[in-house]
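Here is the structure we will look at.
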Amino acid sequence: MSNRPVTLRDIAKKVGVHTSTVSRVLNPDAGAKVSREVALKVTRAAEELGYSLNPFARSLKTNQSFTIGVLIPDLTDPLFPPIMRGIEDTLSEAGYTAILANSDNDPDHERKGLETMRARKVDGLILATAQRKDRLVARCVADRIPLVLVNREVEDHSVPAVVNDDIGGMRMVTEHVISLGHRRIGHISGPQTLSTGMNRLNGYLAAMRAHGLPERHADMVEAAPLTDAAAQAAAEALLASDPDLTAIVTANDMLALGAYDALEARGLSCPDDVSVTGFNDIPFADKFKPPITTVRIQKFEMGAEAARLVLRMIKGENVGGLSMLLRPTLVVRGSTAPPRR
DNA sequence: ATTACATGACTGTTCGGGAC
DNA sequence: GTCCCGAACAGTCATGTAAT
C-alpha cells in the first residue's frame, strides 16, 4: 500500500488512454476534444482513485501558480478582514488563491514577506502596506510583477491602486462636526508617510478653511506609528495643548478609541464635553461606548476591485497607473453632539 | 584519494503537432 | 473528431568524468 499521490498517469493506466487525454478531460477550459464516452470513464476513474491536481507540477509547465500574494501592515487591525474577504471572494471565483503575509508595520518583515511570496512564484501582488515613497513597491514595478495597491497609494501614482476618497471623507465628517456648531476642532492624524494620513489631514484642513476656521498648529497631532499607545499619547498631547477643544476628528477608528481613553483619563465625557469622530467604520465600531460617528469606507469592494485589477494585469491588460477612488459615506452615531457652550 | 565540474534522471502536467 | 506522442518546464540529486 503506497502513499504516493494519484497522478494523471494512474488514471490513464486504469482507463487505457494517454495522460494528455486525461489532462484534457479534467481541464475542459483548455478546449477538450475528447469523446463523451472517454470523458465519462476518466472522470469516474479520477473520482474512484481520489485524484487531486498537483499544482506544483502544473506551475512547472505553465509558469503560473494561480496564487496572489497579499501583504497587510497589521493583522490585528479590524480594517483588514473585510478587505481580505473582498480579495479572497474575487480571487477564488477566478480560480486563484491568496497567500497572506503580515508585516507588522516593520520594513524588514515586509521585505521578507515579499521575498517569500515572490520565491513561491505568485502571479501577482496586492499590497496594503505602501508608503507614499516606497522602495519595495518601486522594485516590484521595475521587476514587472503585476501589482495593485489597496487602501494606500504611492505619491507618484505609478502603480494601480484602489483607494478610498480620503480627502472627501474627512472633509465630510469634519463638516458634520462644524455643522453641529463646533469651532475649536482638533485632528489626530495618521503618519504623514502614508497617503491615508496625509489625505485625511488635507481633508480636515480643507473643511476648516472652507468655513473660515483657524488652522492652529497645536490642534493637529500625528499618531505615528499607528498603535494604541501612539493614539493615546497623541490624544493626550492634543488635549494638553488646547484645553478649549470641543471636538476631535481622528484619522481612523482606533485613533478615536485612543481619544476616548485620553478623555476619560481627564474626567471628560464624550460627546458631552468633547465630540469625537473616527474613520473607516471598522467592524464593531457601532459597539464602541459611545458608538462612534465615523466615515464608512467600502472595505469589501476595495479588496474585490483590487483583486479584479490584479487579475486583469495578469491577463496582460495594460491598466497603466489606473487608480480607483471609492466613495465613502458618513455614519452619524452617538459620539458627536452640539458643543455645550 | 580527493576535488571540481558536467551530465542526466526525475517529478506531474500541459500543449503543439500529428496519426488515424 | 478523437486520441496519442513526447518535449518542455525548474530545481534537486545522483552518477560519471576528468583534473589534481
Side-chain angles (χ1 to χ4, degrees), chain A residues 1-72 87-103 108-127 129 135-148 159-160 306-319:
Chain A
M1 185 76 173
S2 152
N3 286 331
R4 193 178 59 78
V6 178
T7 68
L8 293 182
R9 196 172 294 147
D10 299 323
I11 301 170
K13 208 171 152 191
K14 178 161 182 174
V15 178
V17 295
H18 195 264
T19 53
S20 61
T21 303
V22 178
S23 171
R24 282 186 238 261
V25 170
L26 300 179
N27 280 299
D29 38 313
K33 292 171 284 179
V34 184
S35 67
R36 277 178 60 180
E37 197 184 345
V38 171
L40 196 68
K41 275 192 210 165
V42 167
T43 46
R44 197 173 291 155
E47 205 167 314
E48 277 170 21
L49 294 172
Y51 172 78
S52 64
L53 175 87
N54 182 332
F56 289 101
R58 169 182 272 178
S59 298
L60 193 58
K61 183 69 179 91
T62 61
N63 201 25
Q64 275 187 287
S65 64
F66 291 93
T67 300
I68 305 293
V70 182
L71 192 59
I72 62 171
I87 293 174
E88 274 205 311
D89 280 11
T90 308
L91 289 183
S92 73
E93 250 171 56
Y96 282 74
T97 307
I99 58 173
L100 180 68
N102 167 46
S103 77
D108 226 37
H109 276 178
E110 195 174 322
R111 194 179 43 75
K112 279 186 192 144
L114 264 182
E115 267 171 21
T116 305
M117 294 194 288
R118 290 185 57 175
R120 288 179 176 274
K121 305 292 171 205
V122 294
D123 293 335
L125 289 167
I126 298 175
L127 304 186
T129 52
R135 283 169 56 192
L136 284 177
V137 168
R139 222 181 82 198
C140 292
V141 172
D143 294 345
R144 298 176 172 280
I145 307 171
L147 166 66
V148 173
V159 185
R308 281 182 210 121
L309 211 47
V310 83
L311 290 174
R312 279 169 62 189
M313 291 175 82
I314 288 167
K315 276 192 200 139
E317 228 178 287
N318 182 11
V319 299

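Hydrogens, waters and symmetry mates are skipped; everything else that's a heavy atom, side chains included, is used. Letters go in sequence order (proteins before strands), and every chain restarts at 1.
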- [ ] Applying side chain to side chain contact (heavy atoms under 4.5 Å, CB included) between A:L71 and each of A:T129, A:I126, A:I99, report the one that passes.
- [x]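 Result for side chain to side chain contact (heavy atoms under 4.5 Å, CB included) with A:L71: A:T129.
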Task: Closest nucleotide among C:dC3, B:dT14, C:dC9 to the A:S23 side chain - done: B:dT14
Open item on the list: Of the options C:dC9, C:dC5, C:dC3, whose atoms approach the side-chain atoms of A:H18 most closely?
Closed with: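 Of C:dC9, C:dC5, C:dC3, C:dC5 is nearest to the side chain of A:H18.
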Open item on the list: Taking A:E88's backbone N and O only, do any of them form a donor-acceptor pair with A:T90's side chain (distance below 3.5 Å, no angle check)?
Closed with: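 Side chain of A:T90 to backbone of A:E88, a donor-acceptor pair under 3.5 Å: no, none is there.
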Task: A:D123 side chain to A:F66 backbone, donor-acceptor under 3.5 Å - done: yes
From [atom1] ([X]) to [atom2] ([Y]), nearest 0.5 Å:
| X | Y | atom1 | atom2 | answer |
| --- | --- | --- | --- | --- |
| A:R308 | A:L311 | CZ | CG | 9.5 Å |
| A:R24 | A:L8 | CZ | CG | 11.5 Å |
| A:E317 | A:L309 | CD | CG | 8.5 Å |
| A:I11 | A:R44 | CD1 | CZ | 14.0 Å |
| A:S103 | A:H109 | OG | NE2 | 8.5 Å |
| A:M117 | A:I145 | CE | CD1 | 9.5 Å |

Kindly give the atom pairs (protein nitrogen or oxygen, nucleotide nitrogen or oxygen) under 3.5 Å for nucleotides 16-20 of chain B.
| from | atom 1 | to | atom 2 | distance (Å) |
| --- | --- | --- | --- | --- |
| B:dG16 | O6 | A:R24 | NH2 | 2.5 |

In whole angstrom, give the distance that lies between atom [atom1] of [X] and atom [atom2] of [N].
| X | N | atom1 | atom2 | answer |
| --- | --- | --- | --- | --- |
| A:K61 | C:dA10 | NZ | P | 10 Å |
| A:R9 | B:dC10 | CZ | C1' | 10 Å |
| A:L40 | C:dC3 | CG | C1' | 17 Å |
| A:K41 | C:dC3 | NZ | P | 9 Å |
| A:D10 | B:dT13 | CG | P | 9 Å |
| A:N27 | B:dG12 | CG | P | 17 Å |
| A:F56 | B:dT14 | CZ | P | 15 Å |
| A:L8 | B:dC15 | CG | P | 12 Å |

TODO: Apply salt bridge (Lys or Arg N to Asp or Glu O under 4.0 Å) to the pair A:D10 and A:K13, showing each step before the final yes or no.
DONE: CA-CA 5 Å; A:D10 299 323; A:K13 208 171 152 191; over 6 Å; no
Open item on the list: When you compare the side chains of A:R58 and A:N63, does any donor N or O come within less than 3.5 Å of an acceptor on the partner?
Closed with: no
So what does [X] hit on the nucleic acid, given a heavy-atom distance under 4.0 Å: a base, only sugar-phosphate, or nothing?
| X | result |
| --- | --- |
| A:N54 | sugar-phosphate |
| A:V22 | nothing |
| A:T62 | sugar-phosphate |

Task: Pairing of A:R111 and A:E115 as salt bridge, 4.0 angstrom limit - done: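 Counted as a salt bridge, because a side-chain N and a carboxylate O are separated by less than 4.0 Å.
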Task: Axis bend over the full length of the helix from B:dA1-C:dT20 to B:dC20-C:dG1, computed from five pairs that close each end, to 10 degrees - done: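 The end-segment axes of the helix from B:dA1-C:dT20 to B:dC20-C:dG1 are tilted 50° relative to each other.
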Task: N or O in side chain of A:R58 less than 4.0 angstrom from B:dG12 OP1/OP2 - done: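 No, A:R58 has no side-chain N/O under 4.0 Å of OP1/OP2 on B:dG12.
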Open item on the list: With a 4.0 Å cutoff (strictly under), does any side-chain N or O of A:S59 reach OP1 or OP2 of C:dC9?
Closed with: no
Open item on the list: Expected output is a numbered-order residue list: members of residues 115-123 of chain A with a heavy atom under 4.0 Å from any atom of DNA chain C. What is it?
Closed with: none
